[in-house]
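Here is how names work: the chains are called A, B, and so on, in the same order as the sequence lines, proteins then strands, and each is numbered from 1. Below, each value reflects all heavy atoms present in this structure, side chains not excepted, and no hydrogens, waters or symmetry copies.
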Amino acid sequence: MSRTTFLNVDDTKAGMADLDKEKINKLIQEASKNSKFFKQQQRREEENRRRIEVKLSKIKSFSNFQIEQAEKSADRYLNQLDKTRDLSRIFCHIDMDAFYASVEMRDNPTLQHVPMAVGGEGMLSTSNYLARQFGVRAAMPGFIARHLCPNLVIVPCDFEKYRTDSSKIMKIISEYDENYGSCGLDEAFADLTNHLQIRKTLSEEQRTFPKEENSIQTIIFGITAEETVQEIRHRIYLTTRLTASAGIACNMRLAKLCSDINKPNGQYQLESNVNIILNFIRNLPIRKIKGIGKVVFLS
DNA sequence: TACATACAC
DNA sequence: TATGGTGTATGTA
């Protein structure tokens with residue numbers, strides 16, 4: 001669940017590809033202007049522009065010699081990092097699809113075919129995919145969301161309920177990596193390397209799960225990382241009736257990037273091959289990298 | 001070191 | 001009419 005800032009709709013997340021961004025941004029501006037918040041943001045933007053100017057003029061003042069030295073030292077550092085590169089492990093990142101919204105839709109089917117969001121009038125936590133079509137997103141105030149989507153249904157947060165589902169999900173993940181790490185209620189990382197070794201010795205029965213809850217039909221999952229993650233997602237669905245997306249790669253950051261690719265209810269594996277990985281990173285929009293937000297992106 | 005800012009969920 | 005709460009990392013005085 002990411003942040004939408006006051007001026008522009010954040011189109012970097014799933015479900016926002018074909019929106020009329022110009023129209024949405026205009027509506028957001030219309031609803032925001034004259035507010036204290038808006039003026040505060042404008043002041044900060046101005047301050048940031050000034051800081052970027054200072055940086056640029058500093059960059060211009062560097063001599064060719066200084067630039068060469070800096071490049072050399074960067075290369076030395078990169079060389080060092082190259083040596084520490086480890087492609088031998090396999091991580092996965094599990095990311096629940098529109099988590100709070102999905103829980104509410106599961107528990108109240110009348111919400112399933114309407115644009116809805118979870119949160120308060122002051123601030124929304126997340127929205128379902130139908131609402132995202134209107135530009136309604138996490139971290140957007142409810143009253144602005146209503147400008148974008150007058151029929152929006154807003155459901156209050158019920159963290160107790162989300163925590164219950166979350167702990168069921170985390171329990172499943174822990175069976176694949178006892179040292180898994182969670183990130184909020186709807187995300188987790190697991191290092192599957194050890195499990196994949198052990199998995200080779202598991203019987204077919206141990207890799208078999210019912211197709212549906214209480215169904216006699218079953219699915220047998222194979223021993224690859226891809227199939228292991230399918231198994232995890234399937235088990236999460238069996239237990240919670242919620243869908244998850246997942247990414248598989250040789251480290252956590254790459255796995256996280258991969259979980260976004262086939263969202264919702266999909267997964268993507270990045271091959272552990274240096275050239276493939278470098279190519280993947282090269283083609284990445286810079287905003288997708290952890291730590292690069294709106295402000296750093298502009299500078 | 002303290003305080004502010006940016007970022008993520 | 002109106003824009004959260006919490007934690008971490010990083011930059012700056």
A/His195 side chain to A/Ala190 main-chain N or O, any donor-acceptor pair under 3.5 Å? no
Under 3.5 Å, is there a donor-acceptor pair linking the side chains of A/Glu231 and A/Thr228? no
Report the distance from atom CD of A/Gln40 to atom P of C/dA2, rounded to the nearest whole Å. 15 Å
Going by ring pair (Phe, Tyr, Trp, His ring centres under 6.0 Å), name the residues that satisfy it together with A/Phe189, two or more places apart in sequence or in a different chain. A/His93
Gap between atoms NZ and P, on A/Lys36 and C/dA2 respectively (whole Å): 9 Å
Phosphate-side-chain proximity, A/Arg146 and C/dA2, N/O vs OP1/OP2 below 4.0 Å: no
Check every strand shown and say whether A/Arg51 touches a base, only sugar-phosphate, or nothing at a heavy-atom separation below 4.0 Å. sugar-phosphate
Any donor-acceptor pair under 3.5 Å between the side chain of A/Ser32 and the base of C/dT3? yes
note: A/Phe99, atom CZ; B/dC9, atom C1'; distance rounded to Å ~ 13 Å
Which one, C/dG4, B/dC7, B/dC9, comes nearest to the side chain of A/Val295? B/dC7
Which pairs of donor and acceptor atoms, one on a side chain in residues 167-174 of chain A, lie under 3.5 Å apart (sequence neighbours left out)?
unit_1	atom_1	unit_2	atom_2	d
A/Ser167	OG	A/Arg163	O	3.4
A/Ser167	OG	A/Thr164	O	3.1
A/Ser174	OG	A/Lys171	O	2.6

ring-ring contact (aromatic ring centres under 6.0 Å, His included) contacts touching residues 262-291 of chain A (sequence neighbours left out): none
Can you name the residues that form a side chain to side chain donor-acceptor pair (under 3.5 Å) with A/Asn108, not counting sequence neighbours? A/Thr110
Regarding A/Ile144, tell me which of base, sugar-phosphate or nothing describes its non-hydrogen contacts under 4.0 Å with the strands shown. base
Examine the side chains of A/Thr243 and A/Arg233 and answer whether a donor and an acceptor come within less than 3.5 Å of each other. no
What's the closest nucleotide to the A/Phe143 side chain, out of B/dC9, C/dA2, B/dA6? C/dA2
With the side chain of A/Cys183 defined as its heavy atoms from C-beta on, choose the nearest nucleotide among B/dC9, C/dT3, B/dC7. B/dC9
Nearest-angstrom distance from the residue atom CZ of A/Phe37 to C1' of C/dA2: 11 Å
Which part of the nucleic acid, if any, lies within contact of A/Asn34, taking any heavy atom under 4.0 Å across all strands shown: a base, the sugar-phosphate backbone alone, or nothing? nothing
Rounded to whole angstrom units, what separation is found between the NZ atom of A/Lys33 and the P atom of C/dA2? 14 Å
Between B/dA8 (P) and A/Met252 (CE): distance, integer Å: 16 Å
Dot-bracket for DNA chain B, 5' to 3', with Watson-Crick and G-U pairs under 3.5 Å, [ ] for crossing pairs and | for other-strand pairs: what is it? |||||||||
Is any side-chain N or O of A/Lys290 closer than 4.0 Å to OP1 or OP2 of B/dC9? no
Given C/dG4, B/dA6, B/dC9, the nucleotide with the shortest approach to the side chain of A/Arg44: B/dA6
Please name all residues satisfying side chain to side chain contact (heavy atoms under 4.5 Å, CB included) with A/Leu278, sequence neighbours left out, ordered by chain then number. A/Arg85, A/Val274, A/Arg282
Starting at atom CE of A/Met123, determine the distance to atom C1' of C/dT1, rounded to an integer number of angstrom. 15 Å
Over how many whole Å does the gap from A/Arg287 atom CZ to B/dA6 atom P extend? 13 Å
